[in-house]
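Some notes on the structure that comes next.
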Amino acid sequence: MRQGTLRRGAHEQQQGQHDAEGAGLVVTGRSSDRETRLQRLEAANAALRTDVADADSALRAYRATGAPELLAEHREAVAALPAHREATSALVGDPLQRSLLAEQTRLLERWTGLTPAGAAAVPAAGEEAATAALDELRDANTRLDALVRRQRHDAAAEQDRARRAALVGTALTLLLALALVVRTGARTRRALVDPLQRLVDVLDAHGRGDRRAAADPLDGPSEVRTVARAVNDLAEENRRLLQAAERAAALQRLAGDIGREVRDQLVAEDAVQVAVERLGVQLGVDRVWVRMLQEGGGPLGATTRGWARSPLLPLPEHPGLDEVSVVDDARSWLHELHAGGGVHAVPDTRALTGRSAAADAFLRASDARALLLVPIGGGDTPQGLLTVVCCAGPRDFSAEEVELARSVAVDLARALVLAGLYRAQERLLAELRDVESVKSDLLATVSHELRTPLTSISGYLDLLRDGAVGEVPTDVAAVLGIVERNAERLRALIEDLLLLARVEAAPARQERGSTAVTDLVTGVLAAVGAGASTGGSVRCTTPADDLAGLRVRGDAEHLHRALLAVVDNAVKFSPVGSQVRLRVERHPQEVRVVVQDDGMGIPEGEVPVVFGRFARGSNATVLAVPGTGLGLTIARDLVRLHGGRVELDSVEGRGTTAVVALPPAVRESS
């Protein structure tokens, strides 16, 4: 009803305004048309007067001079007079104008009849008559012009009066319309704007996060009340969605926290205990327990871990329960449930009563009124079953709670796998440590037992060669030389094995003391020898002055042995006549001894392998290059004892670059 009244008021206001404006426009339009016609009549009368004057002037000049162009000008002006006269006749509108126009027309015809265009001279009486007629014509024209001016003035005054009247009417109409607008606006504001503004305030409050703001469903017209109810319904739904989202986010964070805590456990029983306790507390249930499948895919075994809310007691290790008895086809049920990634929820266990004797026994023993069964496992095979029990009454587990239980079961399965791997790794490491200990003891024992008879063999060889048992024939001396060389090789191998055993016995210890790099390089070059019978020769490319004062941290004998092994390898695997280049580089944190050769190199992919014990490159084995395969192993381990490293960069057929990096005894400035 209020809206109909508002629409009628607005319509009446618009109609009154249109009527007032229409009346003003009619009056103003008539005055404007009359003034326009008078302006045109005045202009036509003035044009007639001008053409008459031009014709008379041209005629007088022609009679005075006889010039033909003046006669043509006179005729042209006279020819234009009928058109002006007709135009003037078409514009007259009242009897007085017509009377003056008729008089002017008569005098014009009289004057044109008294002024023949072809006469060069006229009698004096005719000229006087023409002049008198012209004067009368001018007087009539002037009177008509004065009449038109006066009428124009009257028309302008009338138009002003009409305009003022229209303005007054319009002003009154506008005042009336303004009053109607104010009245209508006030009614509209009370009926519509204020309720809508209150709705906007409620929406703004919701936008700021005020969930308690509500619209008044009884405020305003029916349409506004409908919108208010819709806003309240939307706000309520939004509150429900936000609460559900907050619960889901909280459970998701909780699942992550429980999962991390479960995965941090390295013992399977501890992981299960953390899972059942945290899950039971967070879900607010009465019992949670885990039972694992027996080996070989048999039925569920003993309870691994269980939790119960006080004052309930946890289930015994062998509770005599069979959770899968609450469903049909128990043998394949757990596998199918795990394969489908689902869970089994029973909101009210009374629906299971009487299904089977096993189900009734389970319900009596566990006192379960609501049940949630979640398979535990990874891959295609389940490992066990997570059982959540509510004893207080029926319960419909929400989707978020089910997802929390499933997430904990997944993390528990991973934790059990990791715990199994950790146990296996511990067993394997223990076995490896036992094997390593036995190997080291065996290696040391064998090396010691070999060195004792080898020393005796070397002593007897020296006696034989010195002639202590008689003169040695030449052929026997040659055989004794071969025996002596092989004995030296065997002794070197035994020394390498003993050194390797000592190094591996204390891998974390770093040697103290310092060694001059000059002495180290000089000793290695002298040991290798410049005149080797096979392989290349060695040359140090770093000037002696650059090595002055440079020292590295470590035992001189050990470092000599490590660098000698690297240089000896480079010489042994280089062609005869080639040169092995050795240089020393200073760096801010280390001293590098770089050894480069042009030998056979190491096949691609075998560089890391050659550092292993008794390991050799495949090309060296094919070419039967002599060696034990312990040199680089000993060099690497000895350098590591001193806090350094050994690196190899090799290309088969193009040579090898070895870098022995050692910490400086005194920090070198860059």
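Considering only heavy atoms from C-beta on, R583 comes within 4.5 Å of Q596 through its side chain. Using a 4.5 Å heavy-atom threshold, the side chains of L520 and H560 count as touching. Residues L550 and V584 meet the side-chain proximity criterion, which asks for heavy atoms closer than 4.5 Å. For the pair L428/L432, a side-chain contact is recorded, criterion being any heavy-atom separation below 4.5 Å from C-beta on. Contact of the V288 side chain with the L386 side chain is registered, since non-hydrogen atoms from C-beta on lie closer than 4.5 Å. Residues V290 and L385 form no side-chain contact, since every pair of their non-hydrogen atoms from C-beta on lies 4.5 Å or further apart. In this structure, V272 and L412 have side chains that are in contact, with non-hydrogen atoms separated by less than 4.5 Å.
Separating the CG atom in L283 from the CG atom in L404 is a distance of 5.0 Å, to the nearest 0.5 Å. The distance from atom NE2 of H344 to atom CG of L372, rounded to the nearest 0.5 Å, is 9.5 Å. For the atom pair CZ of R395 and CG of D348, the computed distance is 13.5 Å after rounding to the nearest 0.5 Å. Put simply, CZ on R406 and CG on D411 are 13.0 Å apart, with the number rounded to the nearest 0.5 Å. Rounding to the nearest 0.5 Å gives a distance of 9.5 Å between CZ of R229 and CG of N232. Here the CG atom belonging to N569 is positioned 9.0 Å from the OG1 atom belonging to T656, to the nearest 0.5 angstrom.
Residues V389 and A368 approach most closely at CG1-CB, 3.5 Å, considering heavy atoms. What you find for V591 and P664 is that their closest heavy atoms are CG2-CB, 4.2 Å. Scanning all heavy atoms of the two residues, the minimum distance from V276 to G306 falls at CG2-C, 4.2 Å. Between V408 and A275, the shortest heavy-atom distance links the atoms CG1-CB, 3.9 Å. Nearest heavy atom pair, residue F397 against residue A370, reads CE1-CB, 4.3 Å.
In this structure, R423 does not pair ionically with E426, as no charged nitrogen and carboxylate oxygen lie closer than 4.0 Å.
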Subject >> Verdict with supporting geometry, V639 and L662, side-chain contact (heavy atoms from CB on, under 4.5 Å) >> reply: CA-CA 7 Å; V639 171; L662 297 168; 3.8 Å; yes
**OP:** Could you go through the side-chain contact (heavy atoms from CB on, under 4.5 Å) check for L582 and V593 one step at a time?
**Re:** CA-CA 7 Å; L582 184 149; V593 181; 4.1 Å; yes
Subject >> Derivation and outcome, side-chain contact (heavy atoms from CB on, under 4.5 Å), residues M600 and E652 >> reply: CA-CA 6 Å; M600 65 176 63; E652 186 176 9; over 6 Å; no
Original post:
Between V659 and V646, is a side-chain contact (heavy atoms from CB on, under 4.5 Å) present by the stated rule, with each step listed?
Top reply: CA-CA 6 Å; V659 177; V646 178; over 6 Å; no
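The closest side-chain donor-acceptor pair between E585 and H587 falls under 3.5 angstrom. Donor-acceptor pairing under 3.5 Å is recorded for the side chains of S514 and R551.
Under a cut-off of 6.0 angstrom, the local environment of CD in E557 is sparse, with at most 12 non-hydrogen atoms contributed by other residues, nucleotides or ligands.
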